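Data first, discussion second: the structure below is written as structure tokens.
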Amino acid sequence: MASTLLSIQVIPKTPDGRDSIPYVDVAIKVIQESGVKYEVNALETTLEGELPELLKIVNDMHEALFQAGCPSVISQVKIAQNPEGISMDRLTEKYRP
């Protein structure tokens, strides 16, 4: 079981005030290609894995956004760790139908 949950909201500065959603899609693609378990929600995406791996994904997301033409990126990150294991499913199971 993973020891870390990391939730991230990327806020890309876009050239010429363009819509940010295509850039957010670039960031989510990095997560998808990483192979970690993740869940996209309305305002943030939560990843499940080990802290070093998840922090690398955050870095890779920023690099991909820069390559896509974003002049700067702000990310809000929340991290929950439990050496005995933590999962999105366990934390949210009582709220699921």
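Hydrogens, waters and symmetry mates are skipped; everything else that's a heavy atom, side chains included, is used. For clarity, every value in this text was computed on a predicted model and none was experimentally measured.
At a threshold of 4.5 Å between non-hydrogen side-chain atoms, the residues Gln76 and Leu43 do not count as touching. Residues Ile8 and Leu6 meet the side-chain proximity criterion, which asks for heavy atoms closer than 4.5 Å. A heavy-atom distance below 4.5 Å is not found between the side chains of Ser7 and Thr45.
None of His62, Gln9, Met61 except one satisfies the side chain to side chain contact (heavy atoms under 4.5 Å, CB included) rule with Ser75; the exception is His62.
To the nearest 0.5 Å, atom CZ of residue Arg18 and atom OG of residue Ser20 are 12.5 Å apart. Separation of atoms OG (Ser87) and CD (Glu48) is listed at 5.0 Å; rounding is to 0.5 Å. Taken from CE in Met1 to CD in Glu84, the straight-line distance is 11.0 Å, to the nearest 0.5 Å.
In this structure, Glu50 contributes its side chain and Ser3 its backbone to a donor-acceptor pair below 3.5 Å. The backbone N or O of Tyr95 sits nowhere less than 3.5 Å from a side-chain atom of Thr92 that would complete a donor-acceptor pair.
In this view, Ile86 and Leu5, Ala80, Asn82, Leu91 satisfy the side-chain contact (heavy atoms from CB on, under 4.5 Å) rule, not counting sequence neighbours.
Hydrophobic clustering of Ile, Leu, Val, Met, Phe, Trp and Tyr side chains at less than 4.5 Å, counting indirect connections, keeps Ile57 apart from Ile11. Cluster membership check: Leu47 does not share its hydrophobic cluster with Met88, using side-chain heavy-atom separations under 4.5 Å among Ile, Leu, Val, Met, Phe, Trp and Tyr.
In terms of heavy atoms, Tyr23 sits closest to Ala68 at CE2-O, 3.4 Å. Nearest heavy atoms, Pro71 versus Lys13: CD-O, 3.1 Å. Between Ala64 and Val30 the shortest heavy-atom distance is CB-CG2, 3.6 Å. Considering all non-hydrogen atoms of both residues, Cys70 and Pro12 come closest at SG-CB, 3.6 Å.
A salt bridge is defined here as a Lys NZ or Arg NE, NH1 or NH2 lying under 4.0 Å from an Asp or Glu carboxylate O, and Glu39 with Arg96 meets this definition. Checked for salt-bridge contact, Lys29 and Asp60 miss the test: no charged N lies under 4.0 Å from a carboxylate O.
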For this session: Apply the test side-chain contact (heavy atoms from CB on, under 4.5 Å) to residues Tyr38 and Thr46: give CA-CA distance (whole Å), side-chain angles for both, the deciding distance (0.1 Å), then the verdict.
Result: CA-CA 5 Å; Tyr38 69 95; Thr46 301; over 6 Å; no
